[in-house]
Amino acid sequence: NDHDTFTQYSVRPAGKAWVARYQKHIATATSVIVAGDEITDGEAYRFSNRMTIGLARARARRVDGEVRGLALWDGTSGKAGGTGSAIANWRAAGVPVTVIDPLTGTARPLKGARTNFDDAPTPKYGQRETVALLFADVTGFSKLTETQLPLFIRHFLGPVGRLAASGTGRPLTSNTWGDGIYMTFKSASDAGCFALKLCEVGSRSDWAALGLPDNMNIRIGLHAGPAIRTMDPVIKQLNFMGSNVSRAARIEPVTPPGQVYCSEPFAALAEAEAVRAFVCDYVGMTALAKKYGSFPTYRVRAVPSVRGR
């Protein structure tokens with residue numbers, strides 16, 4: 001399970017005493033958030049670090065508090081996604097950091113130049129990269145007639161294609177099948193802003209005037225996490241695959257028409273990026289499609305003052 005795998009890769013190498021400490025804290029924790037199911041590479045830990053910042057910021061805002069970083073650290077870079085990487089992320093996000101020297105036990109605030117221990121090389125094909133994932137579909141598409149399909153392509157897919165090709169924050173990859181849309185983005189900010197614009201395209205009220213069903217609408221699901229970067233040998237294009245892609249695909253079917261829903265990892269990543277164009281409002285524990293399980297789910301909505309970035 002998740003705890004056994006994490007213990008094997010991150011706790012057991014430090015010795016039995018640390019395993020006992022970890023197990024004790026897990027047993028007494030009121031809640032445990034799992035950032036992902038694959039934790040065998042540095043990208044999993046980089047993403048976990050970013051998620052931690054986002055969750056802390058969201059919590060601090062709810063209680064009118066302040067986020068501060070505290071780390072037991074010897075000052076070296078360590079492995080990818082390790083303590084040095086986490087501290088680099090905290091400082092880049094403007095979080096005050098206090099470090100405890102593991103040899104002397106003394107604590108001191110971290111000052112001076114921000115040494116970046118989190119410079120990750122551009123992932124190669126077959127390696128994982130943290131991306132934001134978007135899945136969308138159109139309600140009522142399966143009932144379109146053959147004469148309506150050309151209208152759908154012109155009046156729905158046409159504007160979507162123009163949206164994807166315009167402005168900043170363009171998708172890294174785009175794919176469609178029928179009414180289904182799958183896109184990946186470099187950041188939660190790019191994905192969330194695009195999703196809200198896409199929602200406007202799909203929620204227009206004049207479909208009947210264009211020869212399409214008047215109740216046609218779109219639903220959009222967002223997720224974020226490490227995914228495998230690949231050059232797809234069939235379509236000959238950049239693509240991303242993996243368990244997080246599968247999870248993203250399970251959010252869209254349970255999203256109400258005309259809305260954008262996202263996962264907790266996506267909401268946390270948006271917080272870590274200090275996004276101001278939209279907010280993620282907690283909806284509750286939602287059972288995802290195809291018996292994938294129940295997860296915390298959020299509704300993404302635009303902030304009017306910065307609408308359109």
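Values below: all heavy atoms of this structure, side chains included; hydrogens, waters and symmetry mates excluded.
N49 and S85 get closest at one heavy-atom pair: ND2-OG, 3.7 Å. T139 and N215 get closest at one heavy-atom pair: OG1-O, 4.1 Å. Smallest separation of non-hydrogen atoms from C193 and F278: N-CE2, 3.8 Å. A pairwise comparison of heavy atoms in A132 and F266 identifies CB-CE1, 4.1 Å as the closest pair. Heavy-atom minimum distance, V300 versus C280: CG2-SG, 4.2 Å. Of all heavy-atom pairs spanning L134 and A191, the tightest one is CD1-O, 4.3 Å.
The salt bridge (Lys or Arg N to Asp or Glu O under 4.0 Å) pairs that include a residue from residues 233-254 are R219-E252, where partners are two or more places apart or lie in different chains. For residues 93-106, the side-chain hydrogen bond (donor to acceptor under 3.5 Å, both in side chains) pairs, not counting sequence neighbours, are T104-T106. Among pairs with a residue in residues 207-233, none fulfils ring-ring contact (aromatic ring centres under 6.0 Å, His included), at least two apart in sequence or across chains.
Criterion: ILVMFWY side-chain heavy atoms under 4.5 Å apart, direct or through other members. Under it, M241 and Y292 are not part of a common hydrophobic cluster. Y282 and I251 are assigned to two separate hydrophobic clusters, defined by single-linkage of ILVMFWY side chains at heavy-atom distances under 4.5 Å. M183 and L269 are members of different hydrophobic clusters when ILVMFWY side chains are connected at heavy-atom separations under 4.5 Å. Taking hydrophobic clusters as Ile, Leu, Val, Met, Phe, Trp and Tyr residues chained together by side-chain heavy-atom distances below 4.5 Å, L149 shares a cluster with M216. Y298 and Y261 are assigned to two separate hydrophobic clusters, defined by single-linkage of ILVMFWY side chains at heavy-atom distances under 4.5 Å.
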Please table the atom pairs, donor to acceptor, closer than 3.5 Å between any side-chain atom in residues 20-33 and protein atoms at least two apart or in another chain.
{"residue": "Y22", "atom": "OH", "partner": "H3", "partner atom": "ND1", "Å": "3.1"}
{"residue": "T28", "atom": "OG1", "partner": "K24", "partner atom": "O", "Å": "3.2"}
{"residue": "T28", "atom": "OG1", "partner": "H25", "partner atom": "O", "Å": "3.3"}

Distance-only criterion, 3.5 Å: show the donor-acceptor pairs between side-chain atoms of residues 51-59 and protein atoms not counting sequence neighbours.
{"residue": "T52", "atom": "OG1", "partner": "S48", "partner atom": "O", "Å": "2.8"}
{"residue": "R57", "atom": "NH1", "partner": "E271", "partner atom": "O", "Å": "3.2"}
{"residue": "R57", "atom": "NH1", "partner": "A272", "partner atom": "O", "Å": "3.2"}
{"residue": "R57", "atom": "NH2", "partner": "A93", "partner atom": "O", "Å": "2.6"}

Do any side-chain atoms of residues 150-162 form donor-acceptor pairs under 3.5 angstrom with protein atoms, and if so which ones, sequence neighbours left out?
none

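The side chain to side chain donor-acceptor pair (under 3.5 Å) check on D214 picks up nothing, with sequence neighbours excluded. F185 is linked by a ring-ring contact (aromatic ring centres under 6.0 Å, His included) to F194, counting only residues two or more places apart in sequence or in another chain. Remark: T130 engages E43 in a side chain to side chain donor-acceptor pair (under 3.5 Å) (not counting sequence neighbours). Remark: D232 pairs with N239 by the side chain to side chain donor-acceptor pair (under 3.5 Å) rule, at least two apart or across chains. By the side chain to side chain donor-acceptor pair (under 3.5 Å) test, S294 is found to be paired with no residue, residues two or more places apart in sequence or in another chain being considered.
The backbone N or O of V138 sits less than 3.5 Å from a side-chain atom of D179, completing a donor-acceptor pair. E273 places a side-chain N or O within donor-acceptor distance of the main-chain N or O of A188, the cut-off being under 3.5 Å. Side chain of S166 to backbone of L163: a donor-acceptor contact under 3.5 angstrom is found. Counting only distance, with no hydrogens or angles, the side chain of T297 and the backbone of F295 share a donor-acceptor pair below 3.5 Å. Between the R229 side chain and the Q127 main chain, no donor and acceptor come within less than 3.5 Å of each other.
For the atom pair SG (C199) and CZ (R204), the distance works out to 13.5 Å, reported to the nearest 0.5 Å. Within the model, atoms CG of D74 and OG1 of T83 stand 8.0 Å from one another, a figure rounded to the nearest 0.5 Å. Here the CD1-CG distance, from I181 to D137, works out to 9.0 Å after rounding to the nearest 0.5 Å. Rounding to the nearest 0.5 Å gives a distance of 7.5 Å between CG of L144 and OG of S142. Rounding to the nearest 0.5 angstrom, the gap separating the CG atom in L198 from the CD atom in E200 is 10.0 Å. Distance check: L196 CG to R301 CZ gives 10.5 Å after rounding to the nearest 0.5 Å.
Residues V260 and T255 form no side-chain contact, since every pair of their non-hydrogen atoms from C-beta on lies 4.5 Å or further apart. Side-chain contact between T173 and Q237: absent, with no pair of heavy atoms (C-beta onward) separated by less than 4.5 Å. Counting heavy atoms from C-beta outward, I218 and V201 have side chains that stay 4.5 Å or more apart. L70 has its side chain within reach of I100: a pair of non-hydrogen atoms, C-beta onward, lies under 4.5 Å apart. The shortest distance between side-chain heavy atoms of P226 and N244 falls below 4.5 Å.
Annotation for M231: hydrophobic cluster partners, listed by chain and number, are Y125, V131, L133, F135, L172, W177, Y182, L238, F240, V245 (ILVMFWY side-chain heavy atoms under 4.5 Å, direct or chained).
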>> salt bridge (charged side-chain N to carboxylate O under 4.0 Å, His left out), that's the test. Do R46 and E129 meet it? Break it down for me.
In response: CA-CA 10 Å; R46 287 192 187 98; E129 176 181 355; over 6 Å; no
